[in-house]
Amino acid sequence: MSNVKTSMQVMELFPTPVFVVQTQGMDNQELARQIYAIRDEETAAGIADKTGLSNNGGFRSYDLLQRKGFEPLKQLVLAILNERLVNGNWFAEPEVLEAQFGAMWGVINGKGHANSTHNHPGGWISGVYYPQVPAAIERAGSLSFRDPILARTFTRSFYRNVQAEVASVLPEVGKLIMFPSWCEHHVGPNLTDEERIAISFNINHASAR
């Protein structure tokens with residue numbers, strides 16, 4: 001082999017990108033205040049129970065897209081998508097427009113509350129932003145993604161980055177996570193005495209404009 005020359009190309013086929021962005025400058029206290037106010041509003045109206053969705057306890061709001069208080073968050077999401085992800089950076093799709101938001105909702109998970117495994121049918125890119133997270137973030141309930149390629153469960157010895165069927169991301173205040181809407185994920189239980197607030201959203205494909 002000493003006289004044999006070789007060249008190698010590594011083709012990392014069928015990747016599943018998860019984009020984790022740590023942000024600064026959002027008014028997280030105001031976002032949390034609004035989610036609490038919406039919880040109180042929906043509770044008073046008798047429409048706070050969302051049994052049958054992915055929530056295992058906790059609160060999930062109705063759609064927030066028409067509420068003006070969440071406009072700064074929508075603009076942040078659009079800026080990151082358009083500056084870093086589309087137009088050939090990660091996706092071939094053109095500029096993402098605000099009209100492509102399909103839904104946005106708030107989630108409050110207290111102690112023991114979690115979200116079961118699910119995906120977001122009909123969406124293109126989904127995401128979550130955390131305006132409030134318990135101090136013990138490692139016990140606050142991670143966002144966990146399941147490997148979508150089931151054949152890889154036969155062996156993990158070939159992969160240097162993830163040696164398991166599930167990969168998790170810790171919640172942190174100001175963290176924005178975006179991922180393909182088809183990717184199955186769940187949220188672990190909040191094991192602290194503090195409440196964690198998340199704002200989730202779906203972005204529709206450009207063809208849905």
Side-chain angles (χ1 to χ4, degrees), residues 20-78 80 98 100-123 125-145 168-179 181 184-204:
V20 182
V21 183
Q22 188 62 49
T23 73
Q24 295 181 341
M26 288 292 294
D27 191 342
N28 292 306
Q29 289 186 339
E30 175 58 19
L31 288 172
R33 185 198 67 77
Q34 291 186 71
I35 297 297
Y36 279 127
I38 291 168
R39 180 182 66 177
D40 294 343
E41 175 186 315
E42 292 191 9
T43 299
I47 58 173
D49 184 9
K50 309 297 192 305
T51 301
L53 300 174
S54 69
N55 300 64
N56 295 322
F59 167 77
R60 171 174 170 163
S61 76
Y62 280 107
D63 196 12
L64 306 175
L65 286 179
Q66 302 307 314
R67 294 182 178 258
K68 294 182 179 180
F70 298 93
E71 189 66 24
L73 179 56
K74 288 193 288 184
Q75 294 307 313
L76 172 67
V77 171
L78 289 173
I80 293 171
E98 185 170 346
Q100 288 176 240
F101 272 96
M104 177 177 281
W105 61 97
V107 175
I108 303 174
N109 277 3
K111 189 170 186 177
H113 300 157
N115 294 80
S116 58
T117 301
H118 64 285
N119 58 17
H120 297 213
I125 293 176
S126 296
V128 59
Y129 179 83
Y130 299 100
Q132 178 177 301
V133 177
I137 61 174
E138 71 282 353
R139 302 179 68 243
S142 296
L143 175 60
S144 298
F145 298 93
S168 300
V169 182
L170 288 172
E172 295 182 72
V173 172
K175 180 178 284 185
L176 171 66
I177 306 171
M178 291 188 284
F179 50 91
S181 298
E184 287 192 336
H185 54 283
H186 68 270
V187 179
N190 179 3
L191 301 178
T192 77
D193 294 322
E194 304 172 58
E195 291 181 318
R196 186 192 70 245
I197 298 180
I199 301 173
S200 299
F201 58 88
N202 292 330
I203 303 289
N204 293 329

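Both backbone and side-chain heavy atoms feed into the values below; hydrogens, waters and symmetry mates do not.
Here the closest non-hydrogen pair linking Ser168 and Ser142 is CB-CB, 4.0 Å. The two residues Pro131 and Tyr129 come nearest to each other via the heavy atoms CD-O, 3.3 Å. Between Gly141 and Val187, the closest heavy-atom pair is O-CG1, 4.0 Å. Closest heavy-atom contact between Asn56 and Ser116: ND2-N, 3.5 Å. When every heavy atom of Pro171 is checked against every heavy atom of Val133, the shortest pair comes out as O-CG1, 3.7 Å. The shortest heavy-atom contact between Leu64 and Ser61 is CD2-OG, 3.5 Å.
In this structure the side chain of Pro72 never reaches within 4.5 angstrom of the side chain of Asp27, judged on heavy atoms. Within the 4.5 Å cutoff, the side chain of His185 has heavy atoms near those of the His120 side chain. Annotation: side chain of Phe70 is in contact with side chain of Ile35 (closest heavy-atom distance under 4.5 Å).
By the side-chain hydrogen bond (donor to acceptor under 3.5 Å, both in side chains) test, Asn109 pairs with Asn115, sequence neighbours left out. Residues passing the salt bridge (charged side-chain N to carboxylate O under 4.0 Å, His left out) test with Arg139: none are found, sequence neighbours excluded. Under the side-chain contact (heavy atoms from CB on, under 4.5 Å) criterion, Gln66 pairs with no residue, sequence neighbours left out. His186 meets the side-chain contact (heavy atoms from CB on, under 4.5 Å) test with Thr117, Ser144, Val166; sequence neighbours excluded. Every salt bridge (charged side-chain N to carboxylate O under 4.0 Å, His left out) that Arg39 has, sequence neighbours left out, goes to Glu195. Not counting sequence neighbours, Glu138 has no partner by the salt bridge (charged side-chain N to carboxylate O under 4.0 Å, His left out) test.
In this structure, NZ in Lys50 is found 8.5 Å from CG in Asn55, a value given to the nearest 0.5 Å. With rounding to the nearest 0.5 Å, the separation of CG in Leu78 from CZ in Phe101 is 4.5 Å. Atoms CG and NZ, from Leu191 and Lys111 in turn, are 8.0 Å apart once rounded to the nearest 0.5 Å. To the nearest 0.5 Å, atoms OG1 (Thr23) and CD1 (Ile80) are separated by 7.0 Å. Between the CG atom in Leu76 and the CD atom in Glu71 there is a gap of 11.5 Å [rounded to 0.5 Å]. Atom CD of Gln34 sits about 12.5 Å away from atom NZ of Lys68, to the nearest 0.5 Å.
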Query raised in the report: So Met178 and Phe201, side chain to side chain contact (heavy atoms under 4.5 Å, CB included) or not? Walk me through it.
Result: CA-CA 9 Å; Met178 291 188 284; Phe201 58 88; 3.8 Å; yes
Report task. Carefully, step by step, assess Arg67 and Ile38 under the rule side chain to side chain contact (heavy atoms under 4.5 Å, CB included). Result -> CA-CA 10 Å; Arg67 294 182 178 258; Ile38 291 168; 3.6 Å; yes
Query - Stepwise side chain to side chain contact (heavy atoms under 4.5 Å, CB included) test for Leu143 and Tyr130 - result: CA-CA 11 Å; Leu143 175 60; Tyr130 299 100; 3.8 Å; yes
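Side chain of Asp63 to main chain of Met104: a donor-acceptor pair is present (N/O by atom type, distance under 3.5 Å, no hydrogens or angles). Using a distance-only test at 3.5 Å, with no hydrogens or angles considered, a donor-acceptor pair links the side chain of Gln100 to the main chain of Asn204. At distances below 3.5 Å, not a single donor-acceptor pair connects side-chain atoms of Ser126 with backbone N or O atoms of Phe179. Remark: the backbone N or O of Ala140 is paired with a side-chain donor or acceptor of Arg196 at under 3.5 angstrom. Without hydrogens or angle criteria, Lys74 side chain to Leu65 main chain gives a donor-acceptor distance under 3.5 Å.
When the options Leu31, Ile108, Asn28, Val107 are evaluated for a side-chain contact (heavy atoms from CB on, under 4.5 Å) with Ile197, the one that passes is Ile108.
More than 12 heavy atoms of other residues, nucleotides or ligands lie within 6.0 Å of CD in Glu41, so this atom counts as buried by the packing criterion. Around the CD atom of Gln22, the shell of radius 6.0 Å holds more than 12 heavy atoms that belong to other residues, nucleotides or ligands.
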